[in-house]
Protein chains: 2
Amino acid sequence: MELNDRKIKILKAIVSSYIHEGEAIGSRTISKKYDLGISSATVRNEMSDLEELGFLVQPHTSAGRVPTDKAYRLYVDKIIRNSSMNKYNEQIKKILQGEIDEMEKFIRNSARILSQFTKYTSFVMTPQLKESKLKRIQLVPISENKLLMVIVTENNLVKNVILNMKIPVPEDQMNRISNLLTQKLEGRQLKSLDKDLYNHISKEIYSIRESFDDKFDDVFMLLLNTMKQYEKVDVYYDGLTNILNYPEYSNTEKAKELLSFMEDKKSMASVLMDETGEDLAVSIGNENKYDEIKQCSVVSATYKLNGMIIGKIGLIGPTRMDYKNVISMVKALSLNVNRLIEENYIDIARSDTDEQKRKG
Amino acid sequence: MELNDRKIKILKAIVSSYIHEGEAIGSRTISKKYDLGISSATVRNEMSDLEELGFLVQPHTSAGRVPTDKAYRLYVDKIIRNSSMNKYNEQIKKILQGEIDEMEKFIRNSARILSQFTKYTSFVMTPQLKESKLKRIQLVPISENKLLMVIVTENNLVKNVILNMKIPVPEDQMNRISNLLTQKLEGRQLKSLDKDLYNHISKEIYSIRESFDDKFDDVFMLLLNTMKQYEKVDVYYDGLTNILNYPEYSNTEKAKELLSFMEDKKSMASVLMDETGEDLAVSIGNENKYDEIKQCSVVSATYKLNGMIIGKIGLIGPTRMDYKNVISMVKALSLNVNRLIEENYIDIARSDTDEQKRKG
DNA sequence: GTTAGCACTCTGCCCGGATGAGTGCTAAGC
DNA sequence: GCTTAGCACTCATCCGGGCAGAGTGCTAAC
């Protein structure tokens with residue numbers, strides 16, 4: 001059996017209707033509401049075929065039919081190609097502008113926009129920095145026994161930790177250590193900061209001068225500890241309660257299952273990490289890895305810094321999701337987010353302007 | 001009518017039963033299960049009195065009776081006085097230890113413990129820093145046009161912002177500005193950093209030297225902007241889905257109402273800010289300000305730094321809450337949290353050790 | 001003051017019939 | 001040969017009645 005033009009038209013009508021109404025749809029409704037110029041009986045025959053092909057299922061004998069994940073997949077693939085985002089682009093631009101002071105807040109605001117516009121639950125997987133490179137380490141005195149270690153990456157993301165020192169560290173020694181650490185570690189990926197590297201660098205230093213700052217070792221060890229924290233990925237949601245608006249989750253048990261799953265950020269992170277690195281990914285129902293979200297679809301986009309994917313932002317909702325709307329929304333948002341990140345967090349000073357100066 | 005001893009005993013039995021079973025309780029059950037040595041008929045008479053006194057209500061004629069908020073209040077007041085926390089103290093101590101690297105994570109972990117132990121939803125209102133005083137400001141170079149401003153408070157909480165400068169700032173000028181800002185602003189409360197102060201300090205500086213660092217103004221303005229962010233209070237939850245376990249919220253509408261309310265962190269913050277500053281606060285049902293949580297109770301404890309309340313941590317659940325358990329849990333946790341904050345975030349160097357040195 | 005007994009009330013549950021939406025099949029029409 | 005009208009059949013949902021059970025309030029006896 002072939003999936004001819006008419007079948008596709010009917011399928012599209014069914015999917016679209018089911019997305020918006022949430023109820024199984026029958027042949028009569030299709031033939032009446034969508035004027036395809038054929039009677040309900042004909043639609044009935046076609047629907048029977050579509051069921052055989054695996055695009056539709058009947059919840060029970062006398063109910064209408066409901067699209068399967070396979071149907072959604074077909075629908076989405078057709079949509080993605082020619083989805084426009086003009087509808088939202090301007091609005092998003094306006095809202096996002098002026099909220100870019102702090103990276104994390106900026107991204108969270110973006111998530112809020114997503115959930116508010118779409119009425120689904122939005123998520124953000126926050127920066128994953130293992131891959132990024134160190135630019136500078138600076139120790140700042142706080143009090144006699146405490147000092148602050150500020151770690152700046154090449155992407156200008158900053159992390160800081162308070163170090164408790166057993167013995168006070170005078171300010172000039174602090175600067176020496178800062179400079180030495182920066183000098184030795186600049187350009188290295190955060191994930192490469194491990195014991196091996198530590199041993200290597202220590203050896204190097206002690207081979208030059210017999211005795212060096214006695215605090216250096218301590219500070220270095222604390223730096224390694226801090227780096228461990230970078231490995232944790234965090235997930236943040238907005239519009240969690242939107243889920244409860246959909247009849248799919250009017251049953252508390254179902255809602256609980258999904259919400260619990262999402263609350264366990266590790267699982268959710270693993271869902272998002274598993275995806276291919278495409279800019280826009282749609283994962284429908286059974287395509288998802290975990291049972292708990294096999295009745296959901298996840299639409300996610302990447303955000304990048306210097307061309308490197310540092311996080312994801314997107315939406316999760318029932319498979320009966322308004323893909324058309326959602327996809328253009330996510331597309332538009334991620335485009336704007338990426339543009340703003342480029343404009344605000346990338347270090348033009350080094351790469352571009354220096355070049356230009358030389359040329360000019 | 002008086003609330004005699006027997007009435008209190010019966011009331012306590014009813015409250016306790018209702019808390020654990022979640023179902024209206026009848027006279028027969030009371031007289032059988034809790035051996036008070038009286039028949040169901042007597043209990044019936046007493047219950048009738050208790051209803052008249054406003055401690056009980058009947059959902060409908062042939063149902064048992066259910067405690068009112070007034071009954072819970074009585075119950076809680078009796079409990080709070082002699083609640084012990086021995087049961088949890090040791091466990092909590094063990095878990096909390098070793099998670100204290102970073103203030104915010106530490107507090108969030110504490111919230112997780114709360115929700116996991118109690119099966120209610122826990123919350124944290126994160127540090128409110130308006131009242132705390134500045135200790136140090138340090139500018140750190142990042143790239144030609146960008147610099148990092150690190151702001152350290154007296155409580156060793158750190159905040160940082162990336163500043164985009166129109167014109168490059170050389171490192172020595174940066175240090176001069178850092179020192180000047182620190183010198184002028186040290187000991188001032190964050191909330192006092194406003195335009196007036198700016199004008200005042202500017203005048204002072206320019207009266208001494210005719211021209212000063214031209215970047216000083218820019219940096220100061222950016223500092224003021226940053227301070228605005230401190231005014232925002234954030235609320236964080238753990239165990240949100242626990243709510244769905246209670247029959248009170250088996251209805252999705254109800255659940256949605258509550259969850260939506262909590263998701264709007266502004267309202268939740270305002271609930272917590274409104275409370276008196278007591279170390280342990282219990283707010284039952286109608287005692288709450290907002291309609292959405294008039295069927296909930298909120299148990300919260302403060303956490304402090306240098307004796308100043310900087311946040312709250314606690315639990316929210318149905319008024320039919322296991323107060324006994326919850327109160328000892330929150331008490332035990334907050335005690336430990338406060339102890340660990342004292343040990344790890346307070347600047348002993350200044351206040352204590354200096355004293356001791358002099359004495360020794 | 002306490003208790004046993006009894007009539008009364010009200011909810012929740014189960015059951016069966018009615019309703020209606022939708023299907024599949026068949027036979028007639030273009 | 002595809003399309004369509006007609007019809008029997010299926011199944012979920014809704015509704016009302018009847019029944020069981022829990023609990024009360026009242027009364028009268030102890």
Side-chain angles (χ1 to χ4, degrees), chain A residues 1-11 13-15 17-18 20-68 71 247-248 250-251, chain B residues 1-11 13-15 17-18 20-68 71 247-248 250-251:
Chain A
M1 207 179 329
E2 283 274 313
L3 199 58
N4 61 28
D5 221 47
R6 192 170 69 184
K7 281 196 176 57
I8 291 182
K9 258 187 198 156
I10 292 175
L11 187 58
I14 294 174
V15 170
S17 162
Y18 190 65
H20 294 104
E21 312 299 334
E23 278 169 14
I25 188 166
S27 52
R28 217 177 108 82
T29 320
I30 293 284
S31 92
K32 265 171 68 185
K33 282 205 183 162
Y34 302 78
D35 50 37
L36 303 168
I38 44 179
S39 77
S40 68
T42 311
V43 174
R44 213 143 49 230
N45 290 329
E46 295 287 41
M47 281 170 87
S48 181
D49 289 354
L50 285 167
E51 182 166 1
E52 215 172 306
L53 287 165
F55 291 105
L56 299 175
V57 279
Q58 276 183 291
H60 56 264
T61 329
S62 73
R65 282 179 172 93
V66 163
T68 61
E248 283 86 341
S250 63
N251 173 341
Chain B
M1 205 180 328
E2 284 274 313
L3 199 59
N4 62 28
D5 222 48
R6 192 171 68 186
K7 281 196 175 59
I8 291 181
K9 257 187 196 152
I10 292 176
L11 187 58
I14 294 175
V15 170
S17 162
Y18 189 65
H20 294 104
E21 312 299 333
E23 278 169 15
I25 187 165
S27 52
R28 217 176 108 81
T29 321
I30 294 284
S31 94
K32 265 171 68 186
K33 283 205 183 163
Y34 302 79
D35 50 37
L36 303 168
I38 45 179
S39 78
S40 67
T42 313
V43 175
R44 213 142 50 229
N45 291 328
E46 295 287 40
M47 281 170 85
S48 181
D49 289 354
L50 285 168
E51 182 166 0
E52 215 173 305
L53 288 164
F55 291 106
L56 297 176
V57 279
Q58 275 183 291
H60 57 263
T61 329
S62 74
R65 282 178 172 94
V66 164
T68 61
E248 283 85 341
S250 61
N251 172 340

Among C:dT3, C:dG24, D:dT24, the nucleotide that comes nearest once only the side chain of B:Met47 is considered: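 Closest nucleotide among those given: D:dT24.
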Given C:dA4, C:dT23, D:dG23, the nucleotide with the shortest approach to the side chain of A:Gln58: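 Between C:dA4, C:dT23, D:dG23, the one nearest the side chain of A:Gln58 would be C:dT23.
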For the pair made of [atom1] in [X] and [atom2] in [N], what is the distance, rounded to whole Å?
X: A:Glu23; N: C:dA21; atom1: CD; atom2: P; answer: 12 Å
X: B:Leu36; N: C:dT3; atom1: CG; atom2: P; answer: 11 Å
X: A:Asn45; N: C:dG22; atom1: CG; atom2: P; answer: 17 Å
X: A:Glu21; N: C:dA21; atom1: CD; atom2: P; answer: 15 Å
X: B:Arg28; N: C:dC6; atom1: CZ; atom2: C1'; answer: 15 Å
X: B:Glu46; N: D:dG25; atom1: CD; atom2: C1'; answer: 15 Å
X: A:Asp49; N: D:dT3; atom1: CG; atom2: C1'; answer: 14 Å
X: A:Ile30; N: C:dT23; atom1: CD1; atom2: P; answer: 9 Å

Could you report the tightest heavy-atom contact between [X] and [Y], atom names first, then the distance?
X: A:Gly54; Y: A:Thr68; answer: O-OG1, 2.8 Å
X: B:Arg6; Y: B:Thr42; answer: NH2-CG2, 3.6 Å
X: B:Gly64; Y: B:Pro59; answer: O-CD, 3.4 Å
X: A:Val66; Y: A:Ala24; answer: CG2-CB, 3.6 Å

Distance-only donor-acceptor test, A:Ser62 side-chain atoms vs D:dC11 base atoms, 3.5 Å: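 Side chain to base: pair found, below 3.5 Å.
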Sugar-phosphate, base or nothing in reach of B:Ser40, heavy atoms under 4.0 Å: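 No contact.
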5'-most by nearest nucleotide on DNA chain C - B:Val43 or A:Ile25: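 In this pair, the answer is B:Val43.
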5'-most by nearest nucleotide on DNA chain C - B:Arg6 or B:Arg44: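 Between the two, 5'-proximity favours B:Arg6.
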Please confirm whether the shortest side-chain N or O distance from [X] to OP1 or OP2 of [N] is below 4.0 Å.
X: B:Thr61; N: C:dC8; answer: no
X: B:Arg65; N: D:dT24; answer: yes
X: A:Ser39; N: D:dT3; answer: no

Whether over 12 other heavy atoms sit under 6.0 Å from A:Lys7 NZ: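 Yes, the 6.0 Å shell around NZ holds more than 12 heavy atoms from other groups.
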